[in-house]
Amino acid sequence: MISNHLLFKLASGEVFGQDQPIALKLLGSERSIQALEGVAMELEDSLYPLLREVSIGIDPYVVFEDAEWALLIGAKPRGPGMERSALLDINGQIFAEQGKALNAVASRNVKVIVVGNPCNTNALICLKNAPNIPAKNFHALTRLDENRAKCQLALKAGVFYDKVSNMTIWGNHSTTQVPDFLNAKINGRPVKEVIKDTKWLEEEFTKTVQKRGGVLIQKWGRSSAASTAVSIVDAIRSLVNPTPEGDWFSTGVYTTGNPYGISEDIVFSMPCRSKGDGDYELVKDVAMDDFLWERIKKSEAELLAEKRCVAHLTGEGNAFCDLPGDTMLPGEM
Ligand SMILES: NC(=O)c1ccc[n+]([C@@H]2O[C@H](COP(=O)([O-])OP(=O)(O)OC[C@H]3O[C@@H](n4cnc5c(N)ncnc54)[C@H](O)[C@@H]3O)[C@@H](O)[C@H]2O)c1
């Protein structure tokens, strides 16, 4: 569903620019190969001037050859009654295999955006299986959460979305994620100066962002494929265009040497900036208070537990699953 929205945006030039020809290599599974053929036919029939190649396959070692960008979306949804630990294992295996394939055949400078859930831990599994590609090149998509948070703040303040900046999502792409209203700005002013309703900020806002995907599924009977595709476009564009002065974006990145004291060796969403060269730097001077830090620690604890649960897939010994409660993905209720 997500890919079907995204592919047409990629082919149109709205992501990498109108002067950038593009080759799309689509990885499917045995079950989805017919659907893939259908999508490829639709892409061909759209006569996009920038689209120079569409190829499909089910072997990541073939499909990922020389890839410059790997958008890892395919994964299994959590079925009724399935434990989060089971989902971590089933989908983790997909990302271990894809990490190995990227390591073997992709461009050495490939940028990887993991969308399939649980995306932070899948990204960690993927990068651990790709030791010859810099860990910095791997992202877990938390941009949809950022966009949802901006939308809620704009609605509450009665301003247009583009007036909301400096929006960080900290942590895991799950219901422990932390949308940061301490550092976000509206019209360049701290959110708390513009929205005086602290109770709303502390209680309603965070909950609304965390559960937005689940509410959407309940209403529409399917997940947020279109807005997720838009957020993948935003995530890529943030890496290939310079970040506006003073602003930043959120993305799940590998923690190594972060100034905030967040555990090393996990994939954690944090504020980042880019020069527009595909790379990024952490924003290192974001303010913390107890309320923010307490919630960040909860998301960190969840990610550390997820990591222990997939140790067999990251090459770190035997897995031990002690997940703190059965937290949800944002698309679940
Ligand atoms: N990070 C985010 O913000 C975010 C937001 C929404 C959804 N998601 C996640 O994105 C994923 C995809 O969502 P969707 O709505 O497009 O689901 P979908 O079920 O419509 O599509 C998933 C596709 O993946 C394919 N697939 C399964 N295993 C595969 C494998 N090993 N290799 C290649 N392809 C494989 C399936 O055949 C299917 O076509 C889910 O895991 C969902 O939870 C993440």
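Atoms within a ligand are numbered from 1 in the order they appear, just like the ligands themselves. Hydrogens, waters and symmetry mates are skipped; everything else that's a heavy atom, side chains included, is used.
The part of His173 lying near ligand 1 is the side chain, judged by heavy-atom distances below 4.0 Å. If you look at Thr228 next to ligand 1, the close heavy atoms, those under 4.0 Å, all belong to the side chain. Under 4.0 Å from ligand 1, the heavy atoms of Gln98 that appear belong solely to its side chain. Using a 4.0 Å cut-off between heavy atoms, Asn117 contacts ligand 1 through both its backbone and its side chain.
For a threshold of 3.5 Å applied to N or O pairs, the pair formed by Cys119 and ligand 1 contains no separation below that value. The shortest N or O to N or O distance between Ile94 and ligand 1 is not under 3.5 Å. Considering backbone and side-chain atoms together, Leu144 places no N or O closer than 3.5 Å to any N or O of ligand 1.
Between Val164 and Lys185, the closest side-chain pair of non-hydrogen atoms is not below 4.5 Å. At a threshold of 4.5 Å between non-hydrogen side-chain atoms, the residues Pro242 and Lys275 do not count as touching.
Asn166 pairs with exactly one of Val283, Val286, Asp247, Val191 by the side chain to side chain contact (heavy atoms under 4.5 Å, CB included) rule, that one being Asp247.
Lys307 has a carboxylate O that lies under 4.0 Å from a charged side-chain N of Asp265, or vice versa, which qualifies the two as a salt bridge.
Taking every non-hydrogen atom of Ile73 and a distance limit under 4.0 Å, the qualifying atoms of ligand 1 come out as 10 (O), 11 (C), 12 (C). Taking a cut-off of under 4.0 Å to the non-hydrogen atoms of Ser32, the atoms of ligand 1 that pass are 37 (O), 39 (O). Counting the atoms of ligand 1 from 1 in the order shown, those under 4.0 Å from a heavy atom of Ser223 are 15 (O).
Between Trp200 and Phe205, the ring planes are tilted. Angles from 30° to 60° get that label. Classified by interplanar angle (parallel below 30°, tilted 30° to 60°, perpendicular above 60°), the ring pair Phe181/Phe291 is tilted.
Heavy-atom distances between Gly28 and ligand 1 reach below 4.0 Å in at least one pair.
Taking the six-membered ring for Trp, His139 and Tyr254 have ring centres at least 6.0 Å apart.
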